[in-house]
Number of protein chains: 2
Amino acid sequence: MPVRIPRTSLSTQAAAVLRSEIAQGAWGDHLPGERLLATRLGVSRPTLRAALETLEAEGWLERRQGLPTRVLEGGRRQSERNCTVRMLTPVPLRDMPPLTVCWMDELRERLAAAGHPLELVVSPATFTTRGERTLQRLERSHPGGVWILHLAPESLQRAFAARDLPALVAGSAAPGVPLPSVDLDYRAICRHAAGLVRARGRRRPVLLLPDTAAPGDAESAEGFLEGCPGARVLRHDGTPSGLCRQVRTVCKGREGADAVVVGRSVHALTVLTCLLGDGLRVPEDVAVISRDGDAFLGHAVPALTRYASDPRRWAALLAREALRLCEGVRTGARHRLMPDFVAGGTL
Amino acid sequence: MPVRIPRTSLSTQAAAVLRSEIAQGAWGDHLPGERLLATRLGVSRPTLRAALETLEAEGWLERRQGLPTRVLEGGRRQSERNCTVRMLTPVPLRDMPPLTVCWMDELRERLAAAGHPLELVVSPATFTTRGERTLQRLERSHPGGVWILHLAPESLQRAFAARDLPALVAGSAAPGVPLPSVDLDYRAICRHAAGLVRARGRRRPVLLLPDTAAPGDAESAEGFLEGCPGARVLRHDGTPSGLCRQVRTVCKGREGADAVVVGRSVHALTVLTCLLGDGLRVPEDVAVISRDGDAFLGHAVPALTRYASDPRRWAALLAREALRLCEGVRTGARHRLMPDFVAGGTL
DNA sequence: TTTGCTGGTCAGTTGACTTGACCAGTGAGA
DNA sequence: TCTCACTGGTCAAGTCAACTGACCAGCAAA
């Protein structure tokens, strides 16, 4: 009857888990970085390091500063494909636009209902380095599973396609990449916006976009020019001050812009407040339209005219395609959603 | 490959051991004394007592001071495995403030890691009907499980407490309700804001709150008056037009308010754009401080001065309390978080 | 009534674990 | 060649579960 409760320290448990996984060959010939490994185990780095030290002493690993930890002489059996779904994104959740968080949550729910967990992999390197490199690292640290690429540059999308990895693109799908994708129809949105602006008698419309290389932004520019040939498309650096500078230059004087279409909802907010602060009247002097539609835009005064998409439709499509990939079905379906136009007071 | 290391507290492990032993009838009809039992399990008495408390709550035991603890005939089978967590909220996800969506997502992730799915139950009736009625419907439609009450009015909170249902309050916990709760320390925030405003030489500060009956708003008003006795606290109807009307009345003329502290981040946005649109200078003529801190506020020009809380801490606390409830532990812990002050350009 | 058990409660301390930071070595790409 | 983003190596401050040791009140047999 006297059953003593075993006290195993966290690092001992971690060592046990890692030992069995290494034995199964789940990690290939190199372990992922300590920081990543620690968060995956749900354990702090010092704790993980204690576990790694015991494994090193047992002869499972070789560690050297500056190099990834090497797995020694393991019976490296192929691990079974465990179909977890991973969302690859360069931005942490709390810096995403609210609408994005919203569909991501919805997606998580739908996938969970189908028995597939959704894991968020935040990798800022996604944007900066070449696709090949990023992918190599990812394959090492997260073997197997289905990938959802969010805000991934074209190079990375192509790298996934080239290796025939199960992946789908959420937003900003580069043209010609043979991966299934779900995206807003930015070309149609911006063409519509440009037409609308012209119909209201605005003669000098401008499209403002961040200077990142998202394919959706390129589409936006094309659509805008289709709807209003000869209009201007300007890039900014994404900071409030940089955007303000751009706005002030563009809207100055009699020949300044009389309508601004803005990509990204937070930037639309920056533009609106900047204009109001400078004493310009919206929409009398300058009209503002937000290409993207977060809920908070409706609380500005005047409410921003915008294009609002339904996160549930978005998530439903993503979930369907992701589940197909889990089942091994490869399609190249390109879904283009057209959001609803929400008339505000800024046009 | 979700290889998370499970964190089971010592008392949970002890409870599990005892539960199985009781079920096997290993102890007869009375347990040995706590001191003896504790040393047998290799555990301290407080830890053992925590385990006994959960077993008592589950109906396995009957404890009375002075008497040995009695083992009840076939403690009722607790469907412990089936412990889904449900978030009850009056607002659908896409209408929530971004920060809320953010912590909700984080919470979902943490609970999923512990093997508990999170289900969102959207019930607008939560706000309109009496607590008793709402609860009856909920018990019928979603039997069992742990509840997280979000934006629930006091009547509903009390109804849950009265029926002794496993529930915890996320935000706006009514005082005196014996449920565990996690909330921002609105009193401290508003006291701080009031003091800050006074220190900057503002003489006529105003606190603007929606006219809903959220307990957090009442706390805010109290804190604000503590920090600046004699200041004004005004209510508005939550619509942009209604809020604007209020703002224009309050800030008009020489004797108008020279500083506005605003509850709810979207309302802070409304106030800022309304003031700027009316040609007032921020902060020269009127300072604006947002009590709540969503990320988009930083993209206004000037950036809003605000109090930003970390959604991860928030979610961590909620997850911990929810998991405790899943294990049958009832606490009345009231967690009050103090967010960080973010200096913007509106003060 | 006394004594010795039972459970009920608490303040103070310990120590494992977390957090966030900084450092130095390595190697791919500009 | 230099830069920069990774790697592992180190550390100090803070958090929190658990332990320790104590005292209290209820109960029942001596």
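By convention in this document, chain letters (A, B, ...) are assigned in the order of the sequence lines, proteins followed by strands, and residues within each chain are numbered from 1. Keep in mind that what you see is a predicted model, and the values were worked out from it rather than measured.
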field: salt bridge (Lys or Arg N to Asp or Glu O under 4.0 Å) between A:R86 and A:E119, intermediate numbers included
entry: CA-CA 5 Å; A:R86 296 199 178 83; A:E119 187 183 334; 3.2 Å; yes
From C-beta outward on [X], which listed nucleotide comes closest to its side chain: [options]?
{"X": "A:S44", "options": "C:dC17, D:dC19, D:dG8", "result": "C:dC17"}
{"X": "B:V43", "options": "D:dG9, D:dC19, C:dG7", "result": "D:dC19"}
{"X": "B:S9", "options": "D:dA18, D:dG8, C:dG27", "result": "D:dA18"}
{"X": "B:L10", "options": "D:dC19, C:dG7, C:dC17", "result": "D:dC19"}

[X] side chain near [N] phosphate (N/O to OP1/OP2, under 4.0 Å):
{"X": "A:T47", "N": "C:dT18", "result": "yes"}
{"X": "B:R49", "N": "C:dG8", "result": "yes"}
{"X": "A:S11", "N": "C:dA16", "result": "no"}

task: Assign each of B:T8 and A:P32 to its nearest nucleotide of DNA chain D by heavy atoms, then name whichever residue's nucleotide is nearer the 5' end.
output: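 Result: A:P32.
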field: Position toward the 5' end of DNA chain D (nearest nucleotide), A:P46 or A:L67
entry: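 It is A:L67 whose nearest nucleotide is closer to the 5' end.
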Derivation of the salt bridge (Lys or Arg N to Asp or Glu O under 4.0 Å) call for B:E106 and B:R312: CA-CA 7 Å; B:E106 182 87 19; B:R312 282 175 308 172; 5.7 Å; no
Measure the distance from [atom1] on [X] to [atom2] on [N] and round it to the nearest whole Å.
{"X": "B:E53", "N": "D:dA18", "atom1": "CD", "atom2": "P", "value": "13 Å"}
{"X": "B:Q13", "N": "D:dA18", "atom1": "CD", "atom2": "P", "value": "9 Å"}
{"X": "B:L48", "N": "C:dG8", "atom1": "CG", "atom2": "C1'", "value": "14 Å"}
{"X": "B:L52", "N": "C:dT9", "atom1": "CG", "atom2": "C1'", "value": "15 Å"}
{"X": "B:L41", "N": "D:dA18", "atom1": "CG", "atom2": "P", "value": "14 Å"}
{"X": "B:L317", "N": "D:dT15", "atom1": "CG", "atom2": "C1'", "value": "12 Å"}
{"X": "B:E34", "N": "D:dG26", "atom1": "CD", "atom2": "C1'", "value": "14 Å"}

Using a 4.0 Å heavy-atom cut-off across all strands, classify [X] as base, sugar-phosphate, or nothing.
{"X": "A:R64", "answer": "sugar-phosphate"}
{"X": "B:R313", "answer": "nothing"}
{"X": "B:R320", "answer": "sugar-phosphate"}
{"X": "A:R7", "answer": "sugar-phosphate"}

field: A:R35 (side chain) and C:dG20 (base): donor-acceptor pair under 3.5 Å
entry: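 Side chain to base: no pair below 3.5 Å.
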- prompt: Could one point to a donor on the side chain of A:R45 or the base of D:dT10 with an acceptor on the other under 3.5 Å away?
  reply: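 Yes, the side chain and the base share a sub-3.5 Å donor-acceptor pair.
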message: Whether the B:S181 and B:R336 side chains hold a donor-acceptor pair (N or O, under 3.5 Å, no angle test) is what I'd like checked.
response: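 On atom types as modelled, these side chains qualify, holding a pair under 3.5 Å.
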- request: Measure the acute angle between the ring planes of B:W103 and B:H150, then classify it against the limits of 30° and 60° as parallel, tilted or perpendicular.
  value: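 The rings of B:W103 and B:H150 stand perpendicular, inter-plane angle above 60°.
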Comparing A:Q65 and B:R63 on DNA chain C - which has the more 5′ nearest nucleotide: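 Here B:R63 is the residue nearer the 5' end.
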- request: Determine, step by step, whether B:D185 and B:R191 satisfy the salt bridge (Lys or Arg N to Asp or Glu O under 4.0 Å) criterion, reporting the C-alpha distance in whole Å, the side-chain angles of both residues, the deciding distance to 0.1 Å, and the verdict.
  value: CA-CA 10 Å; B:D185 193 342; B:R191 189 168 44 218; 5.7 Å; no
message: Are B:T69 and B:L37 packed together at the side-chain level, in the sense that at least one heavy-atom pair is separated by less than 4.5 angstrom?
response: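 Of all side-chain heavy-atom pairs linking B:L37 with B:T69, none is under 4.5 Å.
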